[in-house]
A.B. asks: 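I'd like to ask you about the structure that follows.
Only a predicted model underlies this, so the values are computations on that prediction, with no experimental measurement involved.
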Amino acid sequence: MEANASVNMFSKALENQLLQTTKLVEEHLDSEIQKLDQMDGDELEHLKEKRLEALRKAQQQKQEWLSKGHGEYREIPSERDFFQEVKESKKVVCHFYRDSTLRCKILDKHLVILSKKHLETKFLKLNVEKAPFLCERLRIKVIPTLALVKDGKTQDYVVGFTDLGNTDDFTTETLEWRLGCSDIINYSGSLMEPPFQSQKKLGTNFTKLEKKTIRGKKYDSDSDDD
């Protein structure tokens with residue numbers, strides 16, 4: 001009996017909240033419609049021009065990004081290319097990888113998706129074997145590492161999968177959140193709660209990863225595939 005009463009109370013509260021939200025939305029729409037009704041022809045034309053100008057600028061910005069190689073996940077062949085690429089774009093994510101490292105391939109899959117979604121950022125990859133000077137300069141010791149470059153300067157790193165829930169099965173949304181924390185992409189979600197925290201609440205198991213040293217190499221690998 002008490003359980004039924006609690007359910008009814010919860011349902012009633014939820015219904016009231018929905019009604020209140022609907023009312024607020026309707027009031028906002030009414031206010032906007034009233035503003036439009038009160039505008040004369042010149043004001044409406046001015047508003048239309050402002051919106052068209054904003055759309056034109058957004059389209060021009062998109063074309064500029066695409067012309068600089070945004071919108072795709074690309075491999076660059078050398079250190080020289082890295083410096084040229086980061087000079088051209090305000091925001092760059094560069095994946096320092098090795099062919100034999102499994103977790104680099106996992107990261108590739110997510111970066112392909114994010115490169116298409118976040119045109120404002122350039123997404124690159126560079127083989128560490130072809131960039132010894134750059135890896136030393138940026139102090140890259142663990143593979144995979146993402147270097148997050150803003151205005152030509154390296155602002156942050158994502159080293160291995162530690163920040164991604166410490167699991168091979170992290171979601172694209174988790175990586176997106178991590179990049180958003182560094183303001184290297186325009187992130188629209190909440191930065192206060194990582195996506196993998198929500199997964200933990202649902203009972204998802206996470207495997208703790210151990211860092212291994214690549215035999216004969218100066219880099220540590222965050223992959224078990226050695």
A.B. asks: Applying salt bridge (Lys or Arg N to Asp or Glu O under 4.0 Å), can you list everything that pairs with Glu88, at least two apart in sequence or on another chain?
C.D. replies: Lys122
A.B. asks: Name every donor-acceptor pair, under 3.5 Å, that has one atom in a side chain of residues 145-153 and the other anywhere in the protein, sequence neighbours excluded.
C.D. replies:
from   : atom 1 : to     : atom 2 : distance (Å)
Thr145 : OG1    : Val142 : O      : 2.5
Lys150 : NZ     : Asp183 : OD2    : 2.6
Asp151 : OD1    : Lys90  : NZ     : 3.1
Asp151 : OD2    : Lys90  : NZ     : 3.4

A.B. asks: Which residues, ordered by chain and number, are linked to Met192 in its hydrophobic cluster, where ILVMFWY side chains connect at heavy-atom gaps below 4.5 Å, directly or through other members?
C.D. replies: none
A.B. asks: Can you name the residues that form a side-chain hydrogen bond (donor to acceptor under 3.5 Å, both in side chains) with Asp163, not counting sequence neighbours?
C.D. replies: Arg178
A.B. asks: Would you please name every residue forming a side chain to side chain contact (heavy atoms under 4.5 Å, CB included) with Arg137, sequence neighbours left out?
C.D. replies: Phe83, Phe133
A.B. asks: Using every non-hydrogen atom in the two residues, find where Asn166 and Thr162 come nearest and quote the distance to one decimal.
C.D. replies: OD1-CA, 3.5 Å
A.B. asks: Mind checking what makes side-chain hydrogen bond (donor to acceptor under 3.5 Å, both in side chains) contact with Gln155, not counting sequence neighbours?
C.D. replies: none
A.B. asks: If the condition is side chain to side chain contact (heavy atoms under 4.5 Å, CB included), which residues does Asp81 pass it with, not counting sequence neighbours?
C.D. replies: Ile76, Pro77, Ser78
A.B. asks: For Lys117, enumerate each residue passing the side-chain hydrogen bond (donor to acceptor under 3.5 Å, both in side chains) test, keeping only those at least two apart in sequence or located in another chain.
C.D. replies: Glu176
A.B. asks: Quick one: list whatever passes side-chain hydrogen bond (donor to acceptor under 3.5 Å, both in side chains) with Asp108, sequence neighbours left out.
C.D. replies: Tyr73, His95, Lys125
A.B. asks: Starting from Leu119, walk the hydrophobic network (Ile, Leu, Val, Met, Phe, Trp, Tyr; side-chain heavy atoms closer than 4.5 Å) and list everyone else you reach, by chain and number.
C.D. replies: Trp65, Leu66
A.B. asks: Which residues satisfy the side chain to side chain contact (heavy atoms under 4.5 Å, CB included) test with Lys116, sequence neighbours excluded?
C.D. replies: Val112
A.B. asks: Quick one: list whatever passes side chain to side chain contact (heavy atoms under 4.5 Å, CB included) with Leu191, sequence neighbours left out.
C.D. replies: Trp177, Cys181, Tyr187
